[in-house]
Amino acid sequence: MSGAEAEVTERRPAERDELHKREYDLLDTILQDMADAVVAEECYVHVQPRRVFVRVHPDRLREFIRYMQREHDMWQVSTLSGRDLGDDLQANYHFFLNDKKIAITIKVNVPRDKPEYPSITDLVPGVDFVENEIREMFGIVPVGHPNPRRCELPENWPGEEYPLRKDWADPRGLMKRSKTTGPRPKEEL
Amino acid sequence: MQAALDMIVELLVQGFWVLVFPGIFFVTSLALLWEWIDRKVYARMQNRVGPLHTGWHGILQPLMDFLKLLSKEDLTPKKADRRSFAAVPVVLLVLSFVLCMFLPIVDMNPAVPGVQGILSFEGDLVLILFISTLIALVIILAGYFSSNPFGQTGAARTGMLLVSFEIPLILALVTPAFLTGSLCVSTIMYRLTQMSPAYVWLLVLPFVIYLIASQAELERIPFDVSHAETEIVHGWQVEFSGKKLALIHMAEDILLVFSAGIATTLFLGGPYLLEFIPLSIFSVEFAAIAATTWVGWVYYPLVFMFKSALVVVILSNMRTLFARWRIDQIVRYGWKVMVPLALLSVMLVQVALVYAFPLLGVM
Amino acid sequence: MTSTSNRTVVIPPRVSIPIGPQHPALKEPAMFKLTVEGELIVDAEVNIGYNHRGVEKLAESNTHIQNLYLLARICGICSATHNGNYAQAVESAAEVEIPERARYIRTLIWELDRIHSHILWLGVAFHEVGFDTAFMYTWRDREVAMDMLESISGNRVHHDMNTVGGVRRDVPDELVPKLLRGFDKLKERMRYYRDVVLHEKTFWDRVAGVGILETDVAKKMGAVGPTARGSNVPVDVRFNDPTQAYVPMMDTGDFEMILNDRCDVAGRTIVRVEETIQAIEMCSWLVKNMPDGPIRERVRPRIQPNEVLARHEAPRGELIHYLVTNGTDKPERIKVRAPTHANWVSMAHTLKGNYLADAPIILAAIDPCYSCTDRVVVVDADEQKMELVPLDVLRVRANKWYKENPRRDE
Amino acid sequence: MGFLRRLVDKAKIKSPWVFHFNSGGCNGCDIEIIAALMPRLDLERFGVKLVGSPRHADIMLCTGPVTEQIKPRLQRIYEQMAEPKYVVAIGSCACSGGVFRGAYNVLGGVDQAIPVTAYVPGCPPKPSAIMHGAYQLLQVLAEIMGVSPKELAPEFEEPPAPTVDTTETGAEVAQT
């Protein structure tokens, strides 16, 4: 599936014991309804209470979001966090099902050379600027975003540099913490 | 030769009156004193200490602010119209000095009965109202000259505010003129002191209206929407700095002195205090001594300062108690409440003068 | 006021008022481009990129312990929440159970932080509206809460109370009576401020009916915290997804979520004041039945590879830490989603259609904490026929205007 | 004229108008600056007044490690201040970049962007520390101006340091 930690994966599935019953019911309904859109072996219920992780194919993402909004009344969007898995880039949408009290994370993997996937801003307006941020920080481009623009990086930031990728090194080099440069001389300011 | 000498002496004496005692120097020091009182009351009402370390309990703080501003660098935005940008503070200061000349602090010309101000003449009440409108106009122009979007919005707001509070101010100031039938501030004040107390009850409502309207004229909370600190930074004053800012702050303080002065003169009986006591020794002999000898020169200003200090404390309390209103609420409140109230008080006075008082036999 | 109903009348000049990046109303640098028609705000545009410090990149080169201090410095007012939530994330990644007393102390610090943050916000709201006397009074009474925080954690703002596996300092028993007395004093003052908020006419005029955010719009735009609860949206992590000492507290059942259906700034104000009183009751409940026992658990610095989503109810809303560990003592990826970040879209929506004078109070209504957020959102003007100037042109025009007003006239 | 010159110099010390600018900090220092202006520890006793526009101010209180995006604005605001101007860097972020030193978007300290006169370290410095910093700055300026610092604030006594059991004393101190 992805990068270095393939064998020691960070997935910690929980047993199907009584504690995680509600989460497993939700996961089963999802797997049963949307079997083809979801990568089955990567969806699991986490040991931590009230957490479900699901991985979806990029092209079926919008359909999956509509299904969740229709079936499970998913309206509370939390955020979108990007990840660099070595040869793949991953976008995780975090939602919270308010009535079932379960936090569901929808993962979308995109290849590094062609990092695009359909944007869902029109379905969920809340993610409008988080998608901009992921485009700027990771280079993952949500196609069809209504208002792509420069987010928090300064104007003079070079276009194709993506600071949060693992392979990006700070051109100025991490300022050595201990070395005290002292106040810059007056004329240089 | 003798006439020339007399003329020179006369000039010097007049110069002393205008420049030093009841004139510019006295009014400026009074302005600094009132700003100190205002800041101290505002701070103490907020459980704070207020300025403490400059002079006795911070009394020199306004003076220090003024001197410091004078010594700072003076900037003019390139796009602003330089000459008029520099003219605005000077015009404001001159206008507020002229306004203060009409206040009867010391008896300037004994010929006319009662204490007369330096420039008191028949009809100076109308001139006062005209100059206060002129000041509002100059403030609006100052906003546009500074060519700063904050300045322009601040000037537009000041315009709306001052226009909507001009009418209540005028009606409140004109009511004492109805009672006494004269248009000279000093003679109004003198005749009011002679009248029976029944007339004083008619002045209570105009006094309240005047206080609220002058709070709006001086643009203080709850009406300081034009240079509201949090919305548009310092409104029309945002581009002024250094000497210009010092002059503007001094002009504002002098306007405070003038508003408090007019309130004491027309509504609180001007520089007379002991004369109101019914005992003959006070109302007759003391009034005569005060009117003629040097005692008046000390007693009248002291009473004047005491009464206007009271008014300043009232205005300062208003500042602490209220939040700032939005411009549309102020304008709506101005037209829907203040103007009808002012008209009502004028009608009340007319009805009382024409019908009620002759019936009750009040003279 | 020119009537904007019939278009034939002369349209007032469209002035673009830049509030910020330096503005007394905003305690932090944020650039709000309000396009104003006369006094009505037609279009609001938020640019908060001034605060971006690259915290996430920095966090990846720090160990977990160092990250605790770094993440606490993201936001000065809600520093205990970032600190506590990251510690909670690392502990659930390591799947370690921390002692009961440590849970209670961590939750006590969270609630105390909520009290001081809400009172601070109440003071700033009074200041935005020009009610400076109440601003002074609220901040004076906030000193009682600050002294309590200082006596427990040693520092007024950044407490750094938590560590991986528990809490760093204990609450000595002789401090408990003092805390209880402080809570009573705070509760009595907060009741006084609730009356001031409800009955002070000049304040109520400025807050009622301003900044309307309907319930469904709040849901769609992803509003969180008191901003959402002020529009009747049941969003509160303490009740929906309780962790630490909230679990026993919710079982007692005498606390319930505070909602208000006014949907305007007044609603949010009432929710925050009620929440402060509830937080004070929670604190006294925590201090009264706090179990004894150890306050720390030994945890090996190398955390097993794990993927955790830690959620916590910060004073401003739902805070999310998405942590991925990779077996070393440094996090592989840490994503911090601060609550104010979620409120930007809904806040920009509420700005439209209000007066310019209301802008500060609406901005303050979501209790913005720009240091938590460093992103930007643009809201287009509604379907009026006026030509909308795109963002870059506005920025160029703003820079040109700045250049034309240099400090010195040549 | 010597007396007038000395009086004006003394005026420059006695009424320092202050103006606050946050260049990307965590606003912990900002709330402590405002807490220093509050009833418990009132900075206005030195005549300090918080003004909103750089044109009116003498001292700029700058907090936060300067981020890349805000540096041009910070320098432009600094230029807009009228001439005898001083900058006080409040908080360890402003002094040296603090916790955020080394991040790719942070300059690391206000002195990398504008000349700084005084530093108040601490994360965040307590209000009494900010007050002490302000008082020290005024004394230093007094020496530069040749005004004897003694009568700067003759009866100035150390602000009441909050003792450990402060719940009720804190309130009492605030009440007085």
Side-chain angles (χ1 to χ4, degrees), chain B residues 32 35-36 39-40 42-77 80 146 148 150-151 154 224 227-246 248-249, chain D residues 4-17 19-20 36-59 77 79-85 131 134-135 138 141 145 147 149-157 159 171 173-176:
Chain B
L32 294 179
E35 194 200 334
W36 175 68
R39 265 174 88 166
K40 216 45 180 174
Y42 188 63
R44 291 310 294 161
M45 285 283 287
Q46 292 171 349
N47 207 289
R48 273 187 311 124
V49 174
L52 198 60
H53 290 307
T54 45
W56 176 79
H57 276 297
I59 200 161
L60 296 179
Q61 186 60 46
L63 176 67
M64 290 299 170
D65 287 350
F66 182 65
L67 287 177
K68 180 214 72 177
L69 277 178
L70 280 182
S71 65
K72 279 192 80 69
E73 176 207 5
D74 206 339
L75 310 173
T76 321
S146 66
N148 170 330
F150 287 148
D224 80 338
H227 51 79
E229 234 239 335
T230 48
E231 285 127 41
I232 36 176
V233 182
H234 285 290
W236 57 278
Q237 294 169 359
V238 70
E239 285 299 339
F240 293 95
S241 77
K243 296 182 189 54
K244 301 193 186 66
L245 189 62
I248 287 180
H249 278 190
Chain D
L4 201 61
R5 168 63 30 218
R6 253 199 352 252
L7 187 64
V8 168
D9 285 351
K10 190 173 168 204
K12 284 191 190 140
I13 310 293
K14 282 292 176 100
S15 93
W17 284 5
F19 150 77
H20 165 250
L37 290 162
M38 283 304 133
R40 182 175 187 185
L41 216 58
D42 189 3
L43 258 179
E44 210 193 340
R45 63 182 75 194
F46 291 119
V48 172
K49 198 165 103 169
L50 192 66
V51 285
S53 124
R55 290 261 194 275
H56 303 185
D58 309 329
I59 297 180
I77 295 270
E79 276 167 17
Q80 282 181 359
M81 286 170 73
E83 196 30 55
K85 53 193 172 189
M131 182 145 164
Y135 179 64
L138 296 183
L141 294 183
M145 299 278 183
V147 171
K150 183 191 55 50
E151 25 89 2
L152 181 65
E155 69 277 12
F156 170 70
E157 75 295 338
V173 165
Q175 298 302 345
T176 52

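Residue numbering restarts at 1 for every chain, and letters A, B, ... go by the order of the sequence lines.
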Checklist line | Nearest heavy atoms of D:K12 and B:S71, plus distance in Å | finding: CE-OG, 3.3 Å
Next item on the list: Could you grab the distance from atom CG of B:L67 to atom CG of D:D9, nearest 0.5 Å is fine?
Entry: 11.0 Å
Note to self: Given 3.5 Å as the limit, does a donor-acceptor pair link the side chain of D:K14 with the main chain of B:H53, or not?
What the structure shows: yes
Checklist line | Structural part of B:L60 lying under 4.5 Å from a heavy atom of chain D | finding: neither
Check: Can you find a heavy atom in the side chain of B:Q61 that is under 4.5 Å from one in the side chain of D:S15?
Finding: yes
Item checked: Side chains of D:R45 and B:P51 in contact at under 4.5 Å (non-hydrogen atoms) -> no
Item checked: Side-chain (D:D42) to main-chain (B:V49) donor-acceptor, under 3.5 angstrom -> yes
Note to self: Return the NE2 to NE2 distance between D:H56 and B:H249, rounded to the nearest 0.5 Å.
What the structure shows: 6.5 Å
Check: When only pairs under 4.5 Å are counted, which of D:A57, D:P16, D:P84 shares the most heavy-atom pairs with chain B?
Finding: D:P84
Check: Would a 4.5 Å heavy-atom cut-off, applied to side chains only, mark D:I13 and B:K68 as touching?
Finding: no
Notebook entry, point to check: Out of curiosity, B:D65 CG to D:W17 CH2, how far, rounded to the nearest 0.5 Å?
Noted result: 5.0 Å
Check: What's the shortest heavy-atom distance between D:L37 and B:R48, and which atoms?
Finding: O-CD, 3.8 Å
Checklist line | Beyond-backbone contact of D:K49 with B:R39, side-chain heavy atoms, under 4.5 angstrom | finding: yes
